[in-house]
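A short write-up of the structure that comes next.
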Amino acid sequence: MRVIMGIASLGFLWGVFLLPLVFGVPTKETTFGESVASHLPKGCRRCCDPEDLMSSDDTIQAPVSPYVLPEVRPYINITILKGDKGDRGPTGTPGKPGKNGTRGDRGSQGVKGDKGQAGSPGSSCQTHYSAFSVGRKTGLHSSENFLSLLFDRVFVNTDGHFDMATGSFVAPLRGLYFFSLNVHSWNYKETYVHIVHNEQAVVILYAQPSERSIMQSQSVMLPLVPGDRVWVRLFKRERENGIYSDDVDTYITFSGHLIKAEDN
(Lines give C-alpha, C1' and ligand atoms only; values in the text may rest on other atoms or scores of the structure.)
Protein backbone atom coordinates (compact mmCIF):
# COMPACT_ATOMS: atom_id res chain seq x y z
CA MET A 1 0.00 0.00 0.00
CA ARG A 2 2.81 2.41 0.87
CA VAL A 3 4.59 1.43 -2.35
CA ILE A 4 1.56 2.35 -4.43
CA MET A 5 1.10 5.65 -2.63
CA GLY A 6 4.76 6.47 -3.13
CA ILE A 7 4.56 5.75 -6.82
CA ALA A 8 1.44 7.91 -7.05
CA SER A 9 3.17 10.70 -5.17
CA LEU A 10 6.18 10.35 -7.43
CA GLY A 11 3.97 10.57 -10.56
CA PHE A 12 2.26 13.65 -9.18
CA LEU A 13 5.63 15.28 -8.53
CA TRP A 14 6.79 14.55 -12.09
CA GLY A 15 3.62 16.12 -13.41
CA VAL A 16 4.25 19.25 -11.40
CA PHE A 17 7.80 19.51 -12.77
CA LEU A 18 6.63 18.95 -16.38
CA LEU A 19 3.86 21.60 -16.36
CA PRO A 20 6.22 24.52 -16.94
CA LEU A 21 7.60 22.76 -19.99
CA VAL A 22 4.11 22.33 -21.51
CA PHE A 23 2.47 25.63 -20.59
CA GLY A 24 5.53 27.88 -20.52
CA VAL A 25 7.79 29.08 -17.81
CA PRO A 26 6.23 31.77 -15.65
CA THR A 27 8.14 34.96 -15.16
CA LYS A 28 7.66 34.67 -11.39
CA GLU A 29 9.06 31.68 -9.59
CA THR A 30 6.30 29.89 -7.70
CA THR A 31 6.60 27.69 -4.65
CA PHE A 32 5.64 24.09 -4.55
CA GLY A 33 2.54 24.88 -2.61
CA GLU A 34 1.40 27.60 -4.98
CA SER A 35 1.96 25.32 -7.96
CA VAL A 36 -0.10 22.53 -6.46
CA ALA A 37 -2.81 24.94 -5.37
CA SER A 38 -3.14 26.33 -8.88
CA HIS A 39 -4.20 22.89 -10.16
CA LEU A 40 -6.82 22.27 -7.55
CA PRO A 41 -10.49 22.81 -8.32
CA LYS A 42 -11.90 26.22 -7.60
CA GLY A 43 -12.69 26.67 -3.92
CA CYS A 44 -10.53 23.71 -2.71
CA ARG A 45 -7.45 24.02 -0.51
CA ARG A 46 -5.19 21.81 1.42
CA CYS A 47 -5.22 21.76 5.12
CA CYS A 48 -1.51 22.33 5.20
CA ASP A 49 -1.59 25.48 3.05
CA PRO A 50 -1.00 28.73 4.84
CA GLU A 51 -4.03 30.96 5.30
CA ASP A 52 -2.60 33.82 3.22
CA LEU A 53 -1.88 31.61 0.17
CA MET A 54 -5.40 31.78 -1.08
CA SER A 55 -8.15 34.20 -0.23
CA SER A 56 -11.82 33.91 -0.88
CA ASP A 57 -11.64 36.68 -3.49
CA ASP A 58 -8.89 35.03 -5.48
CA THR A 59 -9.83 33.37 -8.76
CA ILE A 60 -7.79 30.52 -10.12
CA GLN A 61 -7.11 31.22 -13.77
CA ALA A 62 -6.85 28.32 -16.14
CA PRO A 63 -3.61 28.13 -18.08
CA VAL A 64 -3.71 29.82 -21.48
CA SER A 65 -2.75 27.62 -24.38
CA PRO A 66 -0.14 29.10 -26.74
CA TYR A 67 -1.90 27.47 -29.69
CA VAL A 68 -4.71 29.45 -31.52
CA LEU A 69 -7.46 27.39 -33.04
CA PRO A 70 -8.51 28.44 -36.59
CA GLU A 71 -11.86 30.22 -37.02
CA VAL A 72 -14.34 28.15 -38.91
CA ARG A 73 -16.73 30.09 -41.21
CA PRO A 74 -19.43 28.41 -43.30
CA TYR A 75 -19.23 28.83 -47.08
CA ILE A 76 -22.19 28.52 -49.43
CA ASN A 77 -21.61 28.16 -53.17
CA ILE A 78 -24.16 30.67 -54.56
CA THR A 79 -23.59 29.54 -58.15
CA ILE A 80 -25.49 26.33 -57.49
CA LEU A 81 -28.48 28.45 -56.28
CA LYS A 82 -28.50 30.88 -59.34
CA GLY A 83 -31.70 30.75 -61.38
CA ASP A 84 -32.38 31.31 -65.06
CA LYS A 85 -31.87 34.78 -66.63
CA GLY A 86 -35.00 36.95 -66.45
CA ASP A 87 -36.71 38.90 -69.21
CA ARG A 88 -35.39 42.32 -70.15
CA GLY A 89 -37.13 45.14 -68.31
CA PRO A 90 -38.82 48.14 -69.96
CA THR A 91 -36.72 51.06 -71.15
CA GLY A 92 -36.35 53.80 -68.57
CA THR A 93 -37.09 57.46 -69.11
CA PRO A 94 -34.32 59.38 -70.87
CA GLY A 95 -32.01 61.30 -68.60
CA LYS A 96 -31.29 65.00 -68.76
CA PRO A 97 -28.93 66.08 -71.54
CA GLY A 98 -25.38 66.48 -70.42
CA LYS A 99 -23.26 69.57 -70.69
CA ASN A 100 -21.74 70.51 -74.02
CA GLY A 101 -18.25 69.23 -74.40
CA THR A 102 -15.29 71.31 -75.35
CA ARG A 103 -14.90 72.22 -78.99
CA GLY A 104 -12.76 69.77 -80.85
CA ASP A 105 -9.81 70.55 -83.03
CA ARG A 106 -10.42 71.64 -86.58
CA GLY A 107 -10.25 68.78 -89.01
CA SER A 108 -8.01 68.62 -92.00
CA GLN A 109 -9.15 70.16 -95.27
CA GLY A 110 -11.08 67.81 -97.50
CA VAL A 111 -10.39 66.92 -101.09
CA LYS A 112 -11.47 69.53 -103.64
CA GLY A 113 -14.62 68.50 -105.46
CA ASP A 114 -15.22 68.33 -109.18
CA LYS A 115 -16.13 71.46 -111.10
CA GLY A 116 -19.87 71.90 -111.54
CA GLN A 117 -21.75 72.50 -114.77
CA ALA A 118 -22.33 76.03 -116.01
CA GLY A 119 -25.79 77.44 -115.34
CA SER A 120 -28.21 78.71 -117.96
CA PRO A 121 -27.73 82.32 -119.06
CA GLY A 122 -29.79 84.88 -117.14
CA SER A 123 -32.17 87.44 -118.57
CA SER A 124 -30.75 90.71 -119.79
CA CYS A 125 -30.81 93.60 -117.30
CA GLN A 126 -33.71 95.94 -117.95
CA THR A 127 -33.95 99.46 -116.54
CA HIS A 128 -37.46 100.75 -115.92
CA TYR A 129 -38.02 104.45 -115.60
CA SER A 130 -40.81 106.99 -115.82
CA ALA A 131 -40.77 110.68 -114.88
CA PHE A 132 -42.56 113.94 -115.59
CA SER A 133 -42.56 117.56 -114.43
CA VAL A 134 -45.02 120.17 -115.73
CA GLY A 135 -45.97 123.79 -114.85
CA ARG A 136 -48.74 126.38 -115.17
CA LYS A 137 -48.43 130.14 -115.66
CA THR A 138 -52.12 130.99 -115.35
CA GLY A 139 -54.01 131.44 -112.10
CA LEU A 140 -57.25 129.53 -111.43
CA HIS A 141 -60.46 130.30 -109.49
CA SER A 142 -62.98 127.74 -108.25
CA SER A 143 -66.33 127.17 -109.99
CA GLU A 144 -69.54 125.29 -109.26
CA ASN A 145 -67.80 121.96 -109.88
CA PHE A 146 -64.38 120.45 -109.28
CA LEU A 147 -61.82 121.76 -111.73
CA SER A 148 -59.04 119.63 -113.14
CA LEU A 149 -55.78 121.51 -113.06
CA LEU A 150 -54.29 121.67 -116.55
CA PHE A 151 -50.71 122.65 -117.34
CA ASP A 152 -49.17 124.66 -120.12
CA ARG A 153 -45.45 124.03 -119.71
CA VAL A 154 -43.47 120.78 -119.86
CA PHE A 155 -40.13 120.35 -118.10
CA VAL A 156 -39.82 116.55 -118.31
CA ASN A 157 -42.17 113.96 -119.82
CA THR A 158 -40.32 110.68 -120.59
CA ASP A 159 -42.15 108.56 -123.14
CA GLY A 160 -45.17 110.92 -122.89
CA HIS A 161 -46.58 109.26 -119.75
CA PHE A 162 -48.13 112.58 -118.70
CA ASP A 163 -51.22 113.50 -120.75
CA MET A 164 -51.20 117.30 -121.22
CA ALA A 165 -54.74 117.30 -122.61
CA THR A 166 -56.30 115.86 -119.46
CA GLY A 167 -53.61 116.96 -116.95
CA SER A 168 -53.16 113.31 -115.81
CA PHE A 169 -50.17 111.01 -115.35
CA VAL A 170 -50.88 107.48 -116.60
CA ALA A 171 -48.78 104.77 -114.93
CA PRO A 172 -46.96 102.60 -117.51
CA LEU A 173 -45.68 99.97 -115.01
CA ARG A 174 -46.65 98.37 -111.73
CA GLY A 175 -44.56 99.89 -108.97
CA LEU A 176 -44.06 102.65 -106.44
CA TYR A 177 -44.27 106.29 -107.56
CA PHE A 178 -43.53 109.66 -105.95
CA PHE A 179 -45.56 112.85 -106.63
CA SER A 180 -45.04 116.49 -105.62
CA LEU A 181 -47.35 119.55 -106.01
CA ASN A 182 -46.38 123.21 -105.53
CA VAL A 183 -48.77 126.18 -105.75
CA HIS A 184 -48.91 129.86 -104.77
CA SER A 185 -51.84 131.05 -102.62
CA TRP A 186 -53.98 134.08 -103.57
CA ASN A 187 -54.41 137.06 -101.27
CA TYR A 188 -57.54 136.87 -99.10
CA LYS A 189 -58.57 133.54 -100.67
CA GLU A 190 -58.38 129.95 -99.51
CA THR A 191 -56.17 127.47 -101.31
CA TYR A 192 -57.91 124.09 -101.45
CA VAL A 193 -56.36 121.56 -103.87
CA HIS A 194 -56.32 117.71 -103.95
CA ILE A 195 -53.95 115.17 -105.48
CA VAL A 196 -56.27 112.50 -106.86
CA HIS A 197 -55.62 108.80 -107.56
CA ASN A 198 -58.08 107.77 -110.27
CA GLU A 199 -61.28 109.26 -108.68
CA GLN A 200 -60.18 109.16 -105.04
CA ALA A 201 -58.70 112.24 -103.33
CA VAL A 202 -55.49 111.13 -101.62
CA VAL A 203 -53.94 114.24 -100.02
CA ILE A 204 -54.93 117.89 -99.71
CA LEU A 205 -52.94 121.09 -100.09
CA TYR A 206 -54.57 123.84 -98.02
CA ALA A 207 -53.83 127.46 -97.01
CA GLN A 208 -56.09 129.80 -95.02
CA PRO A 209 -57.06 133.23 -96.37
CA SER A 210 -54.41 135.84 -95.66
CA GLU A 211 -53.42 139.29 -96.80
CA ARG A 212 -50.13 137.76 -97.88
CA SER A 213 -49.69 135.14 -100.60
CA ILE A 214 -47.27 132.29 -99.90
CA MET A 215 -45.93 129.15 -101.60
CA GLN A 216 -47.47 125.85 -100.48
CA SER A 217 -46.36 122.27 -101.27
CA GLN A 218 -47.58 118.70 -100.81
CA SER A 219 -46.08 115.30 -101.70
CA VAL A 220 -47.07 111.63 -101.56
CA MET A 221 -45.92 108.14 -102.63
CA LEU A 222 -48.42 105.80 -104.26
CA PRO A 223 -48.36 102.18 -105.45
CA LEU A 224 -49.76 102.08 -108.96
CA VAL A 225 -50.65 99.51 -111.58
CA PRO A 226 -50.54 100.08 -115.34
CA GLY A 227 -53.34 102.44 -116.41
CA ASP A 228 -53.80 104.19 -113.03
CA ARG A 229 -54.26 107.97 -113.28
CA VAL A 230 -52.91 110.65 -110.93
CA TRP A 231 -54.07 114.25 -111.35
CA VAL A 232 -54.79 117.53 -109.48
CA ARG A 233 -58.16 119.23 -108.94
CA LEU A 234 -59.37 122.49 -107.43
CA PHE A 235 -62.18 122.24 -104.88
CA LYS A 236 -65.64 123.39 -106.02
CA ARG A 237 -67.03 126.84 -105.11
CA GLU A 238 -68.41 126.47 -101.61
CA ARG A 239 -65.98 129.14 -100.53
CA GLU A 240 -63.70 131.62 -102.27
CA ASN A 241 -60.90 129.36 -103.51
CA GLY A 242 -58.05 129.99 -105.94
CA ILE A 243 -54.37 129.61 -106.82
CA TYR A 244 -52.15 132.36 -108.17
CA SER A 245 -49.74 132.54 -111.12
CA ASP A 246 -48.75 134.93 -113.91
CA ASP A 247 -47.26 134.87 -117.37
CA VAL A 248 -43.79 135.91 -116.13
CA ASP A 249 -42.93 133.22 -113.55
CA THR A 250 -44.11 129.64 -113.04
CA TYR A 251 -45.69 129.34 -109.60
CA ILE A 252 -47.58 126.07 -110.11
CA THR A 253 -45.71 122.77 -110.71
CA PHE A 254 -46.66 119.10 -110.64
CA SER A 255 -43.96 116.38 -110.78
CA GLY A 256 -43.67 112.64 -110.35
CA HIS A 257 -41.38 109.66 -111.06
CA LEU A 258 -41.10 105.90 -110.67
CA ILE A 259 -39.18 104.82 -107.55
CA LYS A 260 -39.22 101.04 -107.93
CA ALA A 261 -40.89 98.84 -110.46
CA GLU A 262 -42.31 95.46 -109.40
CA ASP A 263 -41.07 92.59 -111.56
CA ASN A 264 -43.72 90.31 -112.97
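All heavy atoms count here, side chains included; hydrogens, waters and symmetry mates do not. Model, not experiment: these values are computed from the prediction.
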Donor-acceptor check, side chain of [X] to backbone of [Y], threshold 3.5 angstrom: yes or no?
X: D249; Y: Y251; result: no
X: D246; Y: V248; result: yes
X: N182; Y: S217; result: no
X: T158; Y: A131; result: yes
X: S245; Y: R136; result: yes
X: N187; Y: S210; result: no

Contact between [X] and [Y] at the side-chain level, heavy atoms closer than 4.5 Å - yes or no?
X: Q218; Y: V220; result: no
X: S213; Y: W186; result: no
X: N198; Y: D228; result: yes
X: Y177; Y: H257; result: no

Open item on the list: Before you tell me yes or no, could you show the steps for T191 and V183 under side-chain contact (heavy atoms from CB on, under 4.5 Å), namely the whole-Å CA-CA distance, both residues' side-chain angles and the distance that decides it to 0.1 Å?
Closed with: CA-CA 9 Å; T191 302; V183 300; 4.0 Å; yes
Verify same cluster id: [X], [Y] (apolar side-chain graph, 4.5 Å):
X: F179; Y: M164; value: yes
X: I204; Y: L222; value: no
X: L147; Y: V202; value: yes
X: L149; Y: F162; value: yes
X: Y206; Y: V203; value: no

Quick one: [atom1] on [X] to [atom2] on [Y], what's the gap to the nearest 0.5 Å?
X: R174; Y: K260; atom1: CZ; atom2: NZ; answer: 12.0 Å
X: L258; Y: S130; atom1: CG; atom2: OG; answer: 6.5 Å
X: I195; Y: F254; atom1: CD1; atom2: CZ; answer: 5.5 Å
X: M215; Y: S185; atom1: CE; atom2: OG; answer: 9.0 Å
X: Y192; Y: R233; atom1: OH; atom2: CZ; answer: 9.0 Å
X: H128; Y: L173; atom1: NE2; atom2: CG; answer: 6.0 Å

Open item on the list: Please confirm whether the ring centroid of F132 lies under 6.0 Å from the ring centroid of F169.
Closed with: yes
Task: Ring centroid separation H197 to W231 under 6.0 Å - done: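 No - the distance between ring centres of H197 and W231 does not fall below the 6.0 Å cut-off.
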Using a distance-only test with no angle check, is there a side-chain donor-acceptor pair under 3.5 angstrom linking [X] and [Y]?
X: K189; Y: H141; result: yes
X: T250; Y: R153; result: yes
X: S255; Y: S133; result: yes

Open item on the list: To check you understand the geometry: which heavy-atom pair defines the closest contact between M221 and F178, and what is its length?
Closed with: CG-CD1, 3.6 Å
- [ ] Determine the minimum heavy-atom distance between G167 and L150, stating which atoms define it.
- [x]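 Smallest interatomic distance, heavy atoms only, reads N-CD2, 3.7 Å.
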Task: Given V193, T138, L205, the one that forms side chain to side chain contact (heavy atoms under 4.5 Å, CB included) with I243 - done: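 With I243 as partner, V193, T138, L205 yield a single side chain to side chain contact (heavy atoms under 4.5 Å, CB included), made by V193.
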